There are 2 protein chains.
Amino acid sequence: MGKAPRPLSPEAIEQIARRFAALSEPMRLKLIHALFEGEKSVNALVEETGGTQANVSRHLQHLSQAGILARRKQGLQVFYSIADPTIYDLCELVCGSLEKRADQQAAVFAG
Amino acid sequence: MGKAPRPLSPEAIEQIARRFAALSEPMRLKLIHALFEGEKSVNALVEETGGTQANVSRHLQHLSQAGILARRKQGLQVFYSIADPTIYDLCELVCGSLEKRADQQAAVFAG
DNA sequence: TTAATATATGAGCACATACGTATATAGTTG
DNA sequence: CAACTATATACGTATGTGCTCATATATTAA
């Protein structure tokens, strides 16, 4: 017996797809990874990631609207931080799964 | 103190992004969801999802090459099944997170 | 007010990818 | 062998999205 799957409406499917899509771009993952250390300003993230200011700003907005990041404006600066704690677990799950795959591949080559 | 993030090489970031991208399309999520019930043939998945045979086949191959699905050929038919068990947890995490968000939205409208 | 700084946004280009139609391949049956 | 079935693939098209460059907005300081 498999697990009993929840019924999923087309709208729910769409929402889930959008959530995964938000996490499917390298620059956005870099930003999320940088924010694992804590709240940071746009400028700090621009310097840390090496991206252009425009691009970083757009990706941060994308993640913010997706509910993944929180936005706090203070004076001239805007600070972003992780808003959805499940992001940690999601990344851990995927990293773990990919590491296992890599290990298996390595074992194949090692004989 | 935040959690100590693992260092992530650009290649690792790319891999993670690809994994999330594989899960970012509604038709692929439909297929994965259908396979939560167990192994199924391409034709069964075509009928269940209502997609065209070509499109379903392409998405199945995509998921298979990503290591998410397993492929088993038997006579004329090809059977696909979930190969990476973390997929269950990934979907549960995202569903839970989105449900919580929806509840909060609902609470706002309910006053 | 003007100048300076931090962030956001508009326009256009380049590229990726999802889709349908048609066809190819592989395996089975007669 | 030919006919049939299940799956995969080639091709063209349409759409989405990431990126850069330039500019706009907002906030602070002089």
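Chain naming here is simple, since letters A, B, ... match the order of the sequence lines and numbering starts at 1 in each. Just so it is clear, the structure is predicted and the values come from calculations on it, not from any experiment.
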Nearest-Å distance, [atom1] ([X]) to [atom2] ([N])?
X     : N     : atom1 : atom2 : answer
A:Q65 : C:dT7 : CD    : P     : 17 Å
A:L60 : C:dA8 : CG    : P     : 7 Å
A:K40 : C:dT7 : NZ    : C1'   : 18 Å

Any non-hydrogen side-chain atom of B:L98 less than 4.5 Å from a side-chain atom of A:I16?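 Result yes, sub-4.5 Å side-chain heavy-atom pair found.
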Check whether any side-chain N or O of [X] sits under 4.0 Å from OP1 or OP2 of [N], and answer yes or no.
X     : N      : value
A:Y80 : C:dA6  : no
B:N43 : D:dT7  : yes
A:R18 : D:dG16 : no

Donor-acceptor contacts, no H, no angles, side chain residues 40-58 of chain B, under 3.5 Å, sequence neighbours left out:
{"residue": "B:K40", "atom": "NZ", "partner": "B:A34", "partner atom": "O", "Å": "3.0"}
{"residue": "B:K40", "atom": "NZ", "partner": "B:E37", "partner atom": "OE1", "Å": "3.0"}
{"residue": "B:K40", "atom": "NZ", "partner": "B:E48", "partner atom": "OE1", "Å": "2.7"}
{"residue": "B:K40", "atom": "NZ", "partner": "B:E48", "partner atom": "OE2", "Å": "3.3"}
{"residue": "B:S41", "atom": "OG", "partner": "B:A44", "partner atom": "N", "Å": "3.1"}
{"residue": "B:T49", "atom": "OG1", "partner": "B:L45", "partner atom": "O", "Å": "2.7"}
{"residue": "B:T49", "atom": "OG1", "partner": "B:G51", "partner atom": "N", "Å": "3.3"}
{"residue": "B:T52", "atom": "OG1", "partner": "B:N55", "partner atom": "N", "Å": "3.2"}

List the atom pairs, with distances to 0.1 Å, where a side-chain N or O of residues 69-83 of chain B and a protein N or O form a donor-acceptor pair under 3.5 Å, not counting sequence neighbours.
{"residue": "B:R72", "atom": "NE", "partner": "B:E39", "partner atom": "OE2", "Å": "2.8"}
{"residue": "B:R72", "atom": "NH1", "partner": "B:Q74", "partner atom": "OE1", "Å": "2.7"}
{"residue": "B:R72", "atom": "NH2", "partner": "B:E39", "partner atom": "OE1", "Å": "2.8"}
{"residue": "B:R72", "atom": "NH2", "partner": "B:E39", "partner atom": "OE2", "Å": "3.4"}
{"residue": "B:R72", "atom": "NH2", "partner": "B:Q74", "partner atom": "OE1", "Å": "3.4"}

For a quick test of your reading: what N or O donor-acceptor pairs under 3.5 Å do the side chains of residues 19-26 of chain A make, sequence neighbours left out?
{"residue": "A:R19", "atom": "NH1", "partner": "A:D84", "partner atom": "OD2", "Å": "2.9"}
{"residue": "A:R19", "atom": "NH1", "partner": "B:S97", "partner atom": "OG", "Å": "3.4"}
{"residue": "A:R19", "atom": "NH2", "partner": "A:A66", "partner atom": "O", "Å": "3.0"}
{"residue": "A:S24", "atom": "OG", "partner": "A:A21", "partner atom": "O", "Å": "2.7"}

Scoring nucleotides 24-30 of chain C by protein non-hydrogen atoms under 4.0 Å (B base, S sugar-phosphate only, - none) yields --BBS--
With the sugar-phosphate defined as primed atoms, P, OP1 and OP2, and the base as all remaining atoms, what B/S/- string results for nucleotides 17-23 of chain D, 5' to 3', for protein heavy atoms under 4.0 Å? -SSBBB-
Just report the end-to-end axis angle for the helix from C:dT1-D:dA30 to C:dG30-D:dC1, five pairs per end, to 10 degrees.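 Computed from the C1' atoms at both ends, the axes differ by 10°.
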